[in-house]
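These notes concern the structure reproduced below.
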Amino acid sequence: MLWLCLHLPQFAIEAIGESGPDHVVTGRRGARRWVIAGAADRIAPGTDWGTVQTLHPEIRAVERRPRAERDAMAALAAWAYRYGSELVWEITESELDYGLPCALLWVDIGASLKLFGGLDALLADFDAGFADSGHRGQRGVAPTLEAAAVLARLGLSRPIGDLTELPAVLDPLPLPALPLEPKVQDALKAVGLSTVGELLNLPAAPLAKRHGPAFTLYLDRLLGRRPDVRPRYRLPPKYQRRFDLLGEVEHSEGLLFPLQRMTRELGHFLKARDTGLQAFRLTLNHGRASGGKPQPDTVLDLRLASPARDAERLLRVLRERLGRLPLPAPVRSLKLTAEHFIEPPTGQGDLFDNHAGDDEAWSQLVEKLIARLGAEAVTALGLIADHRPERSWRLRACDAPPPSPAALPSLAELPPRPIWLIDPPKPLAAPPARIAGFERLEGGWWDGDDVQRDYYRSEVHGSGLWVYRDRRSEGWFLHGVWA
C-alpha cells in the first residue's frame, strides 16, 4: 500500500466556509479561551483570546464547530475518492495545554498509479485539484499511514515508496516530529534523546514498560512492522450537507456563495459513487423569531430534466429557483439533501452523432423554465398505449427530454396522423367527395367508451382533413386537420 496523507492545519476555520481574513476560530476550556486557527500571518495558534483582543481589536472570533468539520472532511474525502477507494480521516485535539485540532486525511493511491500514468502524474493531478478545493495543507506519501502523516506535518513532499527507505528518512528527524504526548516527549528528552533514529534504535520491551504498549504499537505502525487496522471511511448511502451561516442572510443572492461550495461537494460525492441524481432538496432554516418561537423552514424540492452530476448544472437550477423566491425571513443555515440516485446517461459514441448534445441543451432549457415558472407551468406531451386518437396522449410533468424517433420505432409503423385534433369531432352534413387511405380503429370496450371507426384522408381547398365514418351510426365526422 502507498498512502498519501493531507495535513490541514487551518481546517477548523476552512470548514466554516464564510470566514474572512479577520476571523479566527477559538477553543474553550472552562474560563480559558484561545485561538485554534485563522489569521495565521498575524496570530499564532494557541494565543490567548484576551491577548488577541488587546492587540487586534478588529479580529472576530467564531466558536469551533465540530459538526461542520466532520461534514467538510466527508466532502473532502468524497473528492479524494477518485485517487483510491481506501480512505481514513481523523480530526483530533493534541494533549497540549491549549488544545489545537489536527485534521488528517489519508488515501491509498497504490492501486491507482497505473490509472494516472505513474506517481508523478497522480501527484500533479492531486495537487491541481486540491488547489481548487478551498483548503490549505501539506501532503506526504509513504507506505504507512503514520509515516505519511509525519511527512505531511513537516511538509516533506518527496514521496517514500518503499518500507526500506523509511529509516533513512525518519532517523535524522527531530524527536518533536512524532505526534507524542508532551509528557512522553519530556521523558525522552530527559534521557538524552533528540532524534527519531535514536528512539527507534532502543529495544521495544523497556519502552513499552516505561511508556505503555500503545507507544511501541505506534512505533511498529510507523515502520510498517504491524498493520494499521483503524476503520476505513465509506461513502454514505445518502447525501446530506448542512451549512451554518455566520450571520443572518436576508436576500437570496447572499446564499449563492455557500451554495456554490455545497453543489461542488455534491458533485464530488456523485462522481465518487459513479452515479447521478434527478431530484434533490434545499432546506432554508430561519432560526427563531423575536419571541423565541421557531420559524418554519423553507423547503425547495428541485428536479432536473435528466440525471446529472455536474455541479454547475445543479447550481444553475438553484440560482434560477432562488431568483424568484422572496425569503419569508432571514436565513440562518442551509441543508442540501439527496436520497435517490440514478445512473446518468452515457456520452455519445458516434463521431457524427450530436443527439447527446441536443438532449443536454433541451434538458437545461427545461430546467431553467421550471425554475423560473414553476413545475406546474411547464408540461410536455406523453404517449399512452391507446388506439383512440383522443386518448393516446396526455400532459405529463416535463422532467425528461422528448423521446427521439429512434427510441420509439413503433411510431414509424402507424399511418400518418395529424397533430391538430378537433375535440369533440365535428359532425359532417355529407360524406366527403373524395377520400383516400383507410384505417379501421376499434377499442375502448374496457372502459365503457367503445368506438368503431373507419378513418380516411380528404382534401378541401388545399387543406388535408382527417375524417372517419362511425360504423354504428353511419355518420361522418371531422377529427383532425393537416396544415
Side-chain angles (χ1 to χ4, degrees), residues 5-77 88-106 134-138 145-146 149-150 152-154 174-190 211-212 214-215 217-218 230-231 233 242-247 287-288 332-333:
C5 177
L6 269 176
H7 175 233
L8 306 158
Q10 294 290 318
F11 193 72
I13 195 166
E14 292 167 352
I16 296 176
E18 286 191 311
S19 58
D22 293 332
H23 285 85
V24 294
V25 174
T26 59
R28 187 189 297 272
R29 184 178 300 156
R32 301 164 66 181
R33 190 180 184 188
W34 62 93
V35 174
I36 290 177
D41 56 336
R42 291 179 288 170
I43 303 171
T47 304
D48 184 79
W49 173 239
T51 303
V52 174
Q53 287 182 304
T54 302
L55 299 178
H56 304 280
E58 76 281 1
I59 296 294
R60 294 180 57 191
V62 182
E63 288 288 341
R64 187 183 180 193
R65 298 178 179 176
R67 183 180 62 185
E69 294 177 27
R70 292 192 297 269
D71 291 345
M73 183 61 80
L76 189 60
V88 179
W89 59 266
E90 288 184 356
I91 302 176
T92 61
E93 285 190 2
S94 63
E95 297 297 328
L96 300 177
D97 186 32
Y98 292 111
L100 299 179
C102 177
L104 298 169
L105 171 65
W106 292 269
H135 297 284
R136 291 167 291 172
Q138 303 168 153
L145 283 89
E146 298 293 0
V150 169
R153 288 189 184 97
L154 297 176
L175 202 57
L178 301 182
L180 305 177
E181 296 181 6
K183 61 181 181 179
V184 176
Q185 292 274 8
D186 294 339
L188 295 175
K189 291 179 181 179
H211 303 292
F215 177 71
L217 176 61
Y218 168 77
R230 70 188 75 188
Y233 173 74
R242 180 185 174 93
F243 194 95
D244 295 318
L245 303 172
L246 290 181
R288 296 180 177 271
R332 295 288 303 171
S333 65

Return the minimal non-hydrogen interatomic distance between [X] and [Y], and the atom names on each side.
{"X": "Cys5", "Y": "Ala152", "value": "O-CB, 3.6 Å"}
{"X": "Ala149", "Y": "Leu104", "value": "CB-CD1, 4.2 Å"}
{"X": "Trp34", "Y": "Gly46", "value": "CB-O, 4.1 Å"}
{"X": "Phe11", "Y": "Met73", "value": "CZ-N, 3.4 Å"}
{"X": "Leu154", "Y": "Ala177", "value": "CD1-CB, 3.7 Å"}
{"X": "Gly137", "Y": "Pro9", "value": "CA-CD, 4.1 Å"}

For the side chain of [X] and the backbone of [Y], is there at least one donor-acceptor N/O pair under 3.5 Å apart?
{"X": "Gln138", "Y": "His7", "value": "no"}
{"X": "Trp106", "Y": "Leu145", "value": "yes"}
{"X": "Gln185", "Y": "Leu178", "value": "yes"}
{"X": "Thr51", "Y": "Thr47", "value": "no"}

Between [atom1] on residue [X] and [atom2] on residue [Y], distance to nearest 0.5 Å:
{"X": "Arg33", "Y": "Glu63", "atom1": "CZ", "atom2": "CD", "value": "4.5 Å"}
{"X": "Thr92", "Y": "Trp89", "atom1": "OG1", "atom2": "CH2", "value": "11.5 Å"}
{"X": "Glu69", "Y": "Leu8", "atom1": "CD", "atom2": "CG", "value": "10.5 Å"}
{"X": "His135", "Y": "Glu14", "atom1": "NE2", "atom2": "CD", "value": "6.0 Å"}
{"X": "Ile43", "Y": "His56", "atom1": "CD1", "atom2": "NE2", "value": "5.0 Å"}

TODO: Using the side chain to side chain contact (heavy atoms under 4.5 Å, CB included) rule, take Gln53 and Ile59 through it: C-alpha gap first, then chi angles, then the decisive distance, then the call.
DONE: CA-CA 7 Å; Gln53 287 182 304; Ile59 296 294; over 6 Å; no
Quick check: do [X] and [Y] have side-chain heavy atoms less than 4.5 Å from each other?
{"X": "Leu180", "Y": "Phe215", "answer": "yes"}
{"X": "Arg65", "Y": "Ile16", "answer": "yes"}
{"X": "Asp22", "Y": "Arg60", "answer": "no"}

- [ ] For the pair Asp48 and Arg32, evaluate salt bridge (Lys or Arg N to Asp or Glu O under 4.0 Å) and give the outcome as yes or no after the intermediate values.
- [x] CA-CA 8 Å; Asp48 184 79; Arg32 301 164 66 181; over 6 Å; no
- [ ] Might you confirm whether atom CZ of Arg230 has over 12 heavy atoms from other residues, nucleotides or ligands at distances under 6.0 Å?
- [x]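 Yes, because the 6.0 Å sphere around CZ of Arg230 holds more than 12 heavy atoms from other groups.
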- [ ] Applying side chain to side chain contact (heavy atoms under 4.5 Å, CB included), run through Asp244 and Arg242 and close with a yes or a no.
- [x] CA-CA 7 Å; Asp244 295 318; Arg242 180 185 174 93; 3.0 Å; yes
- [ ] Output, in order, the C-alpha distance, side-chain angles, deciding distance and verdict of side chain to side chain contact (heavy atoms under 4.5 Å, CB included) for Leu105 and Tyr233.
- [x] CA-CA 10 Å; Leu105 171 65; Tyr233 173 74; over 6 Å; no
Open item on the list: Under a 3.5 Å cutoff, is there a donor and acceptor pairing between the side chains of Arg64 and Thr26?
Closed with: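 Absent: no donor and acceptor within the cut-off.
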Open item on the list: What verdict does the side chain to side chain contact (heavy atoms under 4.5 Å, CB included) test give for Cys102 and Glu90, after you've listed the backbone C-alpha separation in whole Å, the side-chain angles of each residue and the deciding distance to 0.1 Å?
Closed with: CA-CA 8 Å; Cys102 177; Glu90 288 184 356; over 6 Å; no
